[in-house]
Amino acid sequence: MSSFDEMDAFEGASLSSRAMAARGTPYLDDLNPAQRDAVEALDGPVLMLAGAGTGKTKALTSRIVHLLNTGRARPNEILSVTFTNKAAREMKSRVGRLLGQQIEGMPWLGTFHSICVKLLRRHAELVGLKSNFTILDTDDQLRLLKQLVRAAGIDDKRWPARQLAGVIDQWKNRAWTPDAVPVAEAGAYNDRGVEFYAQYQARLKELNAVDFGDLLLHMVTIFQTHDDVLEQYRRWFRYILVDEYQDTNVAQYMWLRLLAGGHRNICCVGDDDQSIYGWRGAEVGNILRFEKDFPGAKVVRLEQNYRSTPHILAAASGVIRGNQGRLGKELWTDAQDGHKVRLIGHWDGEEEARWIGEEIEAMQGGTRGMRPFGLDEIAILVRASHQMRAFEDRFLTIGLPYRVIGGPRFYERMEIRDAMAYFRVVVSPADDLAFERIVNTPKRGLGDKAIQTIQRCARDNGLTLVEGARLAVEDKLLSGKGAAQLAFLLENLTRWGRMTGDADVDHTELAGMILDESGYTEMWQNDKTPEAPGRLENLKELVNHLEEFENLQGFLEHVSLVMDNESDESGQKVSIMTLHAAKGLEFPAVFLPGWEDGLFPSQRSMDESGLKGVEEERRLAYVGITRAEECCTISFVSNRRVFGQWQSQMPGRFVDELPEEHVEVLTPPGLYGGGFGAAGMGAVGSDLHDRAAEANVYNSPGWRRLQARRDQRPISQPSETRNTVIDLQAVSAHTVGERVFHQKFGYGRIEAIEGDKLEIAFEKAGVKKVVAKYVMAADDIPF
DNA sequence: AGCCCTAAGCTTTTT
DNA sequence: GCTTAGGGCT
């Protein structure tokens with residue numbers, strides 16, 4: 001199947017290198033000396049240290065074009081790896097633009113994982129798999145592990161499968177197969193980690209499945225044990241380029257080193273100061289030791305920044321200077337002037353959100369000597385996603401348009417995974433995990449007992465679950481409604497399976513048919529929860545996506561790796577996202593809220609990884625500041641609710657590390673004239689760099705008394721908005737059926753009340769869940 | 001088999 | 001404080 005189509009890429013070069021060489025090199029004139037240096041050093045190992053905003057992608061894509069242009073390689077002989085599909089897409093389109101033509105043949109420009117899938121499908125048998133193996137996502141992985149753990153009679157309450165999954169992941173990140181896990185790790189998961197790891201791998205092989213980590217691990221194993229295969233690819237991939245090298249884990253690093261081992265034509269681009277994925281196995285060490293691994297490597301530093309103003313760069317540099325063991329880079333810019341980084345403290349998270357909301361509204365018209373900013377030029381970058389809610393709540397009330405970037409991905413949604421499971425079982429009836437997922441979805445009267453019977457039946461006879469289920473039906477091991485429905489499902493599965501091979505049946509139609517005839521669509525149509533319409537919408541979208549693929553198999557192969565959540569909603573909106581999600585992006589104005597000890601830097605990071613953890617957090621701070629082009633506003637609060645408990649917060653250490661001369665301390669207008677806030681603000685305004693003084697304020701008896709009082713009832717700062725809302729709420733407790741008004745969604749009728757959340761059918765905006773205090777009875781509207 | 005209640009947990013996230 | 005998963009109950 002398609003694994004062989006893919007290999008065509010090896011054969012036909014779609015672009016004649018001679019034709020390319022005939023053209024000039026205008027793309028080189030566009031580069032600064034450092035970039036040009038990096039682009040022109042085509043042979044041998046090159047490490048490109050590219051600071052934030054220094055034109056890294058430009059250099060990388062120019063390098064590809066230069067390789068083609070000088071005739072050193074054909075498009076299909078260049079291996080370029082990225083971490084995300086988005087980055088891969090971006091590179092592809094930029095290479096195309098530089099060449100001035102669409103290139104069909106850059107088959108090896110992609111993510112580590114997508115490239116490994118291609119390779120592994122070709123060589124699957126070398127690790128005991130068939131080339132049509134399925135790729136499990138983390139959910140499948142977890143369910144599988146849970147089964148193993150329970151089968152071993154282990155209390156999965158005390159030893160959560162989740163923890164085991166984490167351990168195995170880390171081992172795979174380090175390219176350790178079960179027999180290669182070092183003795184020092186033997187204590188993992190109650191001394192039985194290695195044992196379960198081995199079992200898990202065996203089970204995956206039985207299922208003809210791999211998890212994400214396996215894609216890399218298996219390829220490393222194959223390269224290590226089959227010289228002929230490795231040699232073949234060393235010849236094919238004449239030049240290797242790696243983006244975001246600081247994010248590679250050990251397995252990826254070994255994979256690269258094996259492939260580059262012959263010709264050593266490898267160019268790694270990265271920034272040690274932007275390594276923020278250590279917690280999921282990335283090794284900054286990989287970039288720090290590049291010169292040792294590739295002696296004679298040329299190291300090029302891109303330090304001229306085209307993004308930010310001098311103050312912003314200086315602030316970022318000031319913070320990152322606190323890290324040990326950097327490769328050392330100092331960003332500079334030709335840009336003049338600009339605003340200092342702004343720093344402001346607030347009473348609590350809500351106050352912070354309110355201030356930022358007001359500031360954004362003011363910024364649209366131009367404020368504090370700055371130019372007007374459009375909403376889509378503004379981003380709020382948070383450390384942890386739970387910080388987002390305060391902003392969403394606030395922006396919803398004041399009607400400020402925003403978009404949240406990140407969040408649950410399309411293919412992680414329940415309905416999408418269910419639908420995919422149906423497709424999986426139809427395409428490969430041996431997919432036990434998928435069958436398990438859908439056998440009783442929608443409800444077919446098959447409970448735990450029935451499923452156990454099927455499993456026993458399958459295991460005892462060495463059958464797959466589908467076959468086992470069929471046997472169980474034939475042998476009348478199941479009774480009543482469940483048995484009849486199961487028989488019907490099995491019949492359907494067989495029928496649909498036949499249709500996948502039928503050229504007359506369009507696969508898009510087939511997909512729709514599967515969802516309809518299985519009763520899955522109906523299940524959501526009958527569902528009265530407010531999410532149901534959205535889920536049906538998603539299912540429709542899924543089926544639409546199918547059109548882009550040849551058949552169901554093709555779709556399933558790609559979807560787990562490639563389908564992402566690009567929301568195409570456009571328009572003027574403020575972006576809200578995590579700092580991690582912001583890497584690689586830039587915005588004219590950036591807000592960085594929540595710079596408090598324990599939140600940012602995160603307590604857990606410091607507890608688990610000590611100094612290393614703090615350093616990674618510091619890099620995150622660096623990433624955050626360097627996202628800003630013109631205006632960067634950092635804030636922290638005195639009080640924050642952490643897991644429901646009110647806690648007094650100290651400004652995080654990175655606040656102190658901001659170089660004073662590049663910072664302007666703002667005081668929110670009209671607040672803190674006195675009262676509780678004044679203590680906190682005093683510390684901020686006057687003694688920013690004197691932690692002792694701050695500590696005194698926060699530890700004073702008065703402060704602690706205040707804390708004690710606040711624990712009973714959080715004190716709200718008086719504010720006009722809030723008073724209005726509270727008053728209205730006092731006079732109108734809501735009732736179902738009541739006609740109400742919401743500032744953003746307009747008029748609607750209350751459908752249901754759940755605690756302080758109301759489900760409202762709005763006349764224009766549809767059914768939404770809204771917090772009660774943002775809604776007023778239509779009759780009470782004061783105008 | 002389905003509903004309700006309690007308990008635990010709880011960054012960051014790609015593939 | 002909020003969500004979610006699993007156990008226990010009907």
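What you see is a predicted model, and the numbers here were worked out from it, not measured in a lab. In what follows, chains carry the letters A, B, and so on, assigned in the order in which the sequence lines appear, proteins first and then strands, with residues in each chain numbered from 1. Side-chain atoms are counted along with the backbone in the values below, which use heavy atoms only and exclude waters and symmetry mates.
Stacking is found between Trp279(A) and the pyrimidine-like six-membered ring of the dT12(B) base under the 5.5 Å centre-distance and 30° plane-angle cut-offs.
Nearest-nucleotide assignment on DNA chain B puts the 5′-proximal partner with Leu446(A), out of Glu617(A) and Leu446(A). Nearer the 5' end of DNA chain B, as judged by each residue's closest nucleotide, is the contact made by Arg444(A), out of Gln603(A) and Arg444(A).
A donor-acceptor pair under 3.5 Å is absent between the side-chain atoms of Gln649(A) and the main chain of Val637(A), judged by distance alone. Counting only distance, with no hydrogens or angles, the side chain of Asp247(A) and the backbone of Ala282(A) share no donor-acceptor pair below 3.5 Å. The backbone N or O of Gly110(A) sits nowhere less than 3.5 Å from a side-chain atom of Ser114(A) that would complete a donor-acceptor pair.
Taking the syn range as angles within 90° of 0, the glycosidic angle of dT11(B) is syn.
Note on Lys583(A): nothing from the nucleic acid sits closer than 4.0 angstrom, heavy atoms only. Within the 4.0 angstrom heavy-atom criterion, only backbone atoms of the sugar-phosphate kind lie near Thr111(A); the bases stay farther away. Residue contacts shown for Phe83(A) are limited to sugar-phosphate atoms, with no base heavy atom under 4.0 Å away. Residue contacts for Gly213(A): at a heavy-atom cut-off of 4.0 Å it reaches no nucleic acid atom on any strand shown.
When the C1' atom of dA5(C) is taken as reference, atom CG of Leu142(A) falls 12 Å away, rounded to whole Å. Atom CG of Leu119(A) and atom C1' of dT15(B) are 15 Å apart (whole Å). When rounded to the nearest whole Å, the span between CE of Met388(A) and P of dG1(C) equals 23 Å.
An OP1 or OP2 oxygen of dT15(B) is reached within less than 4.0 angstrom by no side-chain nitrogen or oxygen of Thr138(A). Considering only side-chain N and O atoms, Ser385(A) lies under 4.0 angstrom from the phosphate OP1 or OP2 of dT12(B). Listed pair Asn85(A) / dT15(B) meets the phosphate criterion, a side-chain N or O lying under 4.0 Å from OP1 or OP2. Phosphate contact (OP1/OP2 of dT13(B), side-chain N/O of Lys86(A), threshold under 4.0 Å): absent.
The cationic group of Arg203(A) does not satisfy the cation-pi geometry with Tyr200(A), failing either the under 6.0 Å distance to the six-membered ring centre or the 45° limit from the ring axis.
Proximity of Leu207(A) to Asp431(A): side-chain heavy atoms (C-beta onward) are nowhere separated by under 4.5 Å.
For Arg383(A) and dT11(B), a side-chain-to-base donor-acceptor distance below 3.5 Å is absent, hydrogens and geometry of angles not being considered.
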